[in-house]
Amino acid sequence: MWNYEKRLQYPVKITQTNPQIAQVIISQYGGPDGELAASMRYLAQRYTMPYNTVAGVLTDIGTEELAHFEMICAIVYQLTRNLTPEEIKESGFDKYYVDHTLALWPQAAGGIPFNACEFQSKGDVITDLTEDMAAEQKARTTYDNILRLVKDPDVCDPIRFLRAREIVHFQRFGEALRIAQENLDSRNFYAFNPEFDK
Amino acid sequence: MQEWKPQMPYVEQFPVAMAYVPWQRNCTMYENLDEAFKTGTIFPELNKPFLGRRVKG
Amino acid sequence: MNTGCKPCMDTERQKLLQEISKVDFVLKELNLYLDTHPYDQQAMERFGQFNALKNKLVKDYTEKYGPLVLSIVDMDSREWKWATQDWPWEGGYN
């Protein structure tokens, strides 16, 4: 069950359009390490999670990621608002525009559509939490890469916020893994899979 | 937090072939909420900004 | 209907919404912290304080400007502002 709050988690107010940078930032919507993949990954993994606190981490971070792709979409939307056909052609936004006009569609910067193969739900606590920690680092690197390209403070500000969240989430998934370890036998963490074996 | 004492004795706390992130023990918050919001975390300990250049010394 | 000047009203509205976002951000951070530190009394107390503050601010905002959540709506209004007012991605009051 979810409830919508009619506000963004962090404000997005962009005055200057920039379709070129929008095409880069859209990767954090539908790209391999984007917020949509993050959200779907954590929310998918939680059902078979044998520890309540770890299922809580997955639920609550997965929920926050929904608010993050809303922010990314707001950034892309505001960067491409009211573009003229000339601006679309000059900026190279025409290849996206021909299929989606100025609407939002989850894809990577290179045009590859969002795909569930970008994440796993493996059904093994250690494996899934290790993937989640890696996912947060991959998203953090993507934000670092974006920050090198973007100069507009209206855009940098929310991107920096999103980047900082990746580090906090990494810490929480790391702690979730510690909880899993405390429930397993430290002499052999891999003796059985608590999501499957009795 | 006292209920979460690790079951393993200290010397055996970190067996090989496993990843460990240290527990956040300090829940000190930024006094200034504007600063916390702008930083993207309420915990000064977790503030690790991107600089995009090597810091000397 | 309102007597205040529009730009001033807008600034106040924006300020209140930002205040809600800041308080809610503290809640989100404490929420995640508590998930992995479920016996931290201090963090739990703080969560309670900020939660009460958020509820109060959202109530104030709803009365003055319009709804943010469907659980708190102004039943005296003759308009379903949830749908008629701008959505957050427009960048208006966020």
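By convention in this document, chain letters (A, B, ...) are assigned in the order of the sequence lines, proteins followed by strands, and residues within each chain are numbered from 1.
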Open item on the list: Would C:L32 and A:E64 count as a side chain to side chain contact (heavy atoms under 4.5 Å, CB included) here? Give the steps.
Closed with: CA-CA 10 Å; C:L32 298 184; A:E64 187 181 347; 3.6 Å; yes
Task: For A:Y96, side-chain hydrogen bond (donor to acceptor under 3.5 Å, both in side chains) partners two or more places apart - done: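 Partners of A:Y96 under the side-chain hydrogen bond (donor to acceptor under 3.5 Å, both in side chains) test: none.
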If you take all heavy atoms of [X] and [Y], which pair is closest and at what distance?
X     : Y     : answer
C:K28 : A:D60 : NZ-O, 2.8 Å
C:W89 : A:Q78 : O-NE2, 2.7 Å
C:D86 : A:K6  : O-CE, 3.3 Å

Task: Per-residue contacts, residues 49-60 of chain C versus chain A, heavy atoms under 4.5 Å - done: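 The residues closer than 4.5 Å to chain A, in numerical order, are C:K54.
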Open item on the list: Which residues in residues 157-172 of chain A have any heavy atom closer than 4.5 Å to a heavy atom of chain C?
Closed with: A:F161, A:R165, A:V168, A:H169, A:R172
Open item on the list: Applying a heavy-atom distance below 4.5 Å, give me the residues of residues 141-149 of chain A that approach chain C, sorted by number.
Closed with: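 Residues qualifying by a heavy atom under 4.5 Å from chain C are absent, so none.
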Contact check, side chains of [X] and [Y], non-hydrogen atoms, under 4.5 Å:
X     : Y     : answer
C:P88 : A:E70 : yes
C:Q18 : A:P11 : yes
C:V69 : A:N3  : no
A:K13 : C:Q14 : yes
A:T53 : C:D35 : no
C:S21 : A:Q9  : no

TODO: Decide if atom CD1 of C:I72 counts as having more than 12 heavy atoms of other residues, nucleotides or ligands within a radius under 6.0 Å.
DONE: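 Enclosed: over 12 neighbouring heavy atoms sit under 6.0 Å from CD1 of C:I72.
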Open item on the list: Counting only non-hydrogen atoms closer than 4.5 Å, does A:Y4 touch chain C with its backbone (N, CA, C, O), its side chain (CB onward), both, or neither?
Closed with: both
